[in-house]
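Single-structure report; data block below.
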There are 2 protein chains.
Amino acid sequence: MTRSGGTLGGMPGRKTAETAGNRPATISDVARLAGVSVGTVSKALNGRGSLRAETRHRVLSAAEQLGFQPNKAAVALNSGRTYTVGMITTDTIGRFSIPLMMGAEDALGAGEMSVFLCDARDDPIREQYYLRTLLSRRVDGIIVTGRRTQARPPIGTGLPIPVVYAFISSTDKGDCSVVPDEAGGAAKAIDHLLAVGRRRIAHITGPEHHHSATVRAAAAADRLAEAGLGLAGPPLFGEWSENWGRQAAKIVLSGDNEIDAIFCGSDQIARGVADAVRASGRRIPEDVALVGFDNWDVMALGSQPPLTSVDMDLEKLGRTAAELLLAAIGGRPSPGRHTNPCRLVIRGSTAS
Amino acid sequence: MTRSGGTLGGMPGRKTAETAGNRPATISDVARLAGVSVGTVSKALNGRGSLRAETRHRVLSAAEQLGFQPNKAAVALNSGRTYTVGMITTDTIGRFSIPLMMGAEDALGAGEMSVFLCDARDDPIREQYYLRTLLSRRVDGIIVTGRRTQARPPIGTGLPIPVVYAFISSTDKGDCSVVPDEAGGAAKAIDHLLAVGRRRIAHITGPEHHHSATVRAAAAADRLAEAGLGLAGPPLFGEWSENWGRQAAKIVLSGDNEIDAIFCGSDQIARGVADAVRASGRRIPEDVALVGFDNWDVMALGSQPPLTSVDMDLEKLGRTAAELLLAAIGGRPSPGRHTNPCRLVIRGSTAS
DNA sequence: GTGAGGACGGAAACCGTTTTCCTAATTTTC
DNA sequence: GAAAATTAGGAAAACGGTTTCCGTCCTCAC
């Protein structure tokens, strides 16, 4: 009695004619079993040519019985398409890369694309090594991501395949980049604070040499200026840490003019600020409202009260990057800088 | 004047004969330029056969000039090896997967292997889809990771390629799994608390149905029993959240018997506990010493004082998994469960 | 001067698919 | 009932490498 196990759509792990150690079935195996030529098998499997229904069915069930899966390397060889893309994270895979990667991977997976993961760890040598590897693997395209939104030199010029930068952007204006609208996000934060009646707003953020810190600070100041106001004191630049948040909050709170809100450059900073505000005997949000940035769940939700925060929607951004890459691979490139709006997530730290 | 740009080891982005949109050079192009046959080019590039130094050099410089990179699909086709592995994260890519992935990717990259990233999102359908895809791509092996250390059914049986489970393990004892020694880590935490003179130790941790929670709790109790002591009250099972840490700490602190240390099932819980302990007027570590688990930097370092914590050394674990996979691919499998020791990282929350 | 042997490099098979012909058989048309 | 049109499926080329097998030329020994 012949086993009929191994449906095409079924569990590949199911024991079929192909057992451990056996080499995977090839199209020739299927052809032999079905009693037809390999060309016919290919046609049956791909719905090309004209075949009798009976023949097609015989091939299909032979393929099923052997658990046949076409060798993608062979397909790639004569189609010129590998249906793979490379994802290079220029710096270490971290909190920002993950949602980006997930979004991108999801969008690509739907297009039957597989993703090569490359972690360049901030090392230009590794980066170029990976680039060479990816080119050698004939990926159909590359997504470059990184922790900083600052523009960076293109990963290569005159490459034979499209490249999309996500989160980071390329200094070459002709390259396709997808970046969050950090300035818009900061503006939304300020708008919200104004809407809940705050007027004396301080800003505590990361290092001044960090692109995100300066962009967000400038946008916040601009927005207040448009409302006929100004930041309560110059922005406090420091580090992206809770510790800095605590320190800076102490400085702000000991100042002459009572502030009624603090816009923070990150959720980590906001947490530190929250600690210091509470320690000073002030209540959040009654006395001081607090807005963070990143909407990092463990920080925003672990804080007491939970933090209102600006969400850069990184997963969407990754998805968009993937879609632009797919379009470019399909011959419809979208050069230039594409910005993705931020969302403001309102929670207890500003709820009135 | 002929451009000589494009060293083999140089920047692939450099403008060479191959410019944007041009198809990558093939071995035939190199052969034509060097005035030899393709077979000779292959020999020159791979150091096979016997060639005159002059010929070899001519080929090499032709390859260099064209920026030739062998098409890996073609190589895969006749070597049977793709030099790729698949990495399936059964649940969403998160805090635990990342260091694992990074360690594995690093170890594999050194072996010239590329990694396919597959995020199964806790969906068995997606998981099987990815498995099929990977098999179709003829990866040389697969690493399966996940957020939970609990054993899971094998991803497939009778697969033609080796599989290594990292962090999670397979219920099939014959499968190769690499897991952290959570019990050992918990024991180290208890040993340390005992060493700094604590005797009344409580335990607050995650949900009782979570494997890690029960294993760590049991190991802590066992270790105390060995020392002729016991936990100060039964372990408090709840959630892996700061909020639960705060709640549980209040319960513990309001008990009859004064405790002098709390061992927490995670750093997040420990942070919540720290808040509650401080709020109760007790000092850390003088009155209550605190040990967390995971050594998650933002939590452990953001806490005040910084948390002593058990580090599962996930990057090492990922690296080990990759090495075992490489060995298995090379025909030297290491079936069974391999445990990796945890490290205790001592910080202010227990410093005497 | 002849035969043996080594050095060099070309021709061709092969890996697993897809696709383009092309032939043979069947059906349609008048 | 013969010519034309259609259908079914096979043979072979192509994709881009690697490897095996030979043939040619040169050198050396006798």
Side-chain angles (χ1 to χ4, degrees), chain A residues 18 22-60 62-63 66-84 112 133 135-140 160, chain B residues 18 22-60 62-63 66-84 112 133 135-140 160:
Chain A
E18 161 211 352
N22 276 11
R23 64 161 192 38
T26 70
I27 201 169
S28 309
D29 299 331
V30 178
R32 200 166 320 127
L33 182 59
V36 297
S37 72
V38 293
T40 303
V41 173
S42 177
K43 287 170 198 160
L45 260 34
N46 298 303
R48 304 281 156 73
S50 62
L51 303 179
R52 261 182 307 159
E54 192 272 329
T55 308
R56 189 178 303 274
H57 182 261
R58 193 148 38 89
V59 170
L60 256 43
L66 296 174
F68 172 72
Q69 292 283 102
N71 183 328
K72 289 271 184 16
V75 175
L77 196 52
N78 77 337
S79 72
R81 284 282 310 269
T82 55
Y83 294 91
T84 58
E112 308 274 280
T133 304
L135 291 176
S136 185
R137 293 203 182 273
R138 301 293 191 268
V139 294
D140 297 332
Chain B
E18 161 211 356
N22 276 11
R23 65 160 191 38
T26 70
I27 201 169
S28 309
D29 299 330
V30 178
R32 197 165 324 123
L33 182 59
V36 297
S37 72
V38 294
T40 303
V41 173
S42 177
K43 287 169 199 161
L45 259 33
N46 299 301
R48 304 280 156 76
S50 64
L51 303 179
R52 258 182 309 158
E54 193 274 328
T55 308
R56 189 176 303 274
H57 182 261
R58 192 146 40 90
V59 170
L60 255 43
L66 296 173
F68 172 72
Q69 292 282 102
N71 183 328
K72 288 272 186 6
V75 175
L77 198 51
N78 73 344
S79 73
R81 283 283 310 271
T82 55
Y83 294 91
T84 58
E112 307 275 279
T133 304
L135 290 175
S136 186
R137 292 202 182 273
R138 301 292 190 270
V139 294
D140 296 332

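Protein chains get the first letters and strands the later ones, always in sequence-line order, with residue 1 at the start of each.
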Assign [X] to base, sugar-phosphate, or nothing according to its heavy-atom contacts below 4.0 angstrom with the strands shown.
X       : result
B/Ser42 : base
A/Lys43 : base
A/Thr26 : sugar-phosphate

Could you pull out the closest heavy-atom pair between [X] and [Y], with the gap in Å?
X        : Y        : value
A/Val59  : A/Ala44  : CG1-CB, 3.6 Å
B/Leu45  : B/Ala63  : CD1-CB, 4.3 Å
B/Asp140 : B/Tyr83  : OD2-N, 2.7 Å
B/Arg138 : B/Thr82  : O-OG1, 2.8 Å
A/Pro70  : B/Ser136 : O-OG, 2.8 Å

Would you compute the distance between atom [atom1] of [X] and atom [atom2] of [Y] and round it to the nearest 0.5 angstrom?
X       : Y        : atom1 : atom2 : value
B/Gln69 : A/Thr133 : CD    : OG1   : 8.0 Å
B/Thr40 : B/Arg48  : OG1   : CZ    : 14.5 Å
B/Arg52 : B/His57  : CZ    : NE2   : 14.0 Å
B/Leu66 : B/Arg32  : CG    : CZ    : 9.5 Å

Using a 4.5 Å cut-off on heavy atoms from C-beta on, say whether the side chain of [Y] contacts that of [X].
X        : Y        : value
A/Thr84  : A/Arg137 : no
B/Thr26  : B/Asn71  : no
A/Leu135 : B/Pro24  : no
B/Arg23  : B/Asp29  : yes

N/O (side chain, [X]) to phosphate O (OP1/OP2, [N]) under 4.0 Å:
X       : N      : answer
A/Thr55 : D/dG9  : yes
B/Asn78 : D/dG16 : no
B/Arg48 : D/dT19 : yes
A/Arg52 : D/dT7  : no

Closest listed nucleotide, where the reference is the side chain of [X] and the choices are [options]:
X        : options               : answer
B/Phe68  : D/dG17, C/dC8, D/dG16 : D/dG17
A/Leu51  : D/dG17, D/dC15, D/dG9 : D/dG9
A/Arg138 : C/dC8, D/dG17, C/dT18 : D/dG17
A/Ser50  : D/dA8, C/dC15, C/dG9  : D/dA8

Send over the distance from [X] [atom1] to [N] [atom2], rounded to a whole Å.
X        : N      : atom1 : atom2 : answer
B/Arg137 : C/dC15 : CZ    : P     : 23 Å
B/Ile27  : D/dT19 : CD1   : P     : 11 Å
A/Arg58  : D/dG10 : CZ    : C1'   : 13 Å
B/Lys72  : D/dT18 : NZ    : P     : 11 Å
A/Leu77  : D/dA14 : CG    : C1'   : 9 Å
B/Tyr83  : D/dT18 : OH    : P     : 11 Å
A/Gln69  : C/dG16 : CD    : C1'   : 14 Å
A/Leu66  : C/dT17 : CG    : P     : 12 Å

**Prompt:** Between the two ends of the helix from C/dG1-D/dC30 to C/dC30-D/dG1, what is the bend in degrees, rounded to 10 degrees, where each end axis spans five pairs?
**Reply:**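 The end-segment axes of the helix from C/dG1-D/dC30 to C/dC30-D/dG1 are tilted 60° relative to each other.
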
**Message:** Could you check whether the side chain of A/Asn71 and the base of C/dT17 have a donor-acceptor pair of N or O atoms closer than 3.5 Å, going by distance alone?
**Reply:**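 When only heavy-atom distances are counted, A/Asn71 does not reach the base of C/dT17 through any donor-acceptor pair under 3.5 Å.
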
**Request:** Check each residue of residues 33-40 of chain B for a non-hydrogen atom within less than 4.0 Å of any atom in DNA chain C, then write out the ones that pass by number, or none.
**Result:**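 Here the set is B/Val36, B/Ser37, B/Thr40.
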
Listing time: all N or O pairs from protein to nucleotides 26-29 of chain C that are below 3.5 Å?
none

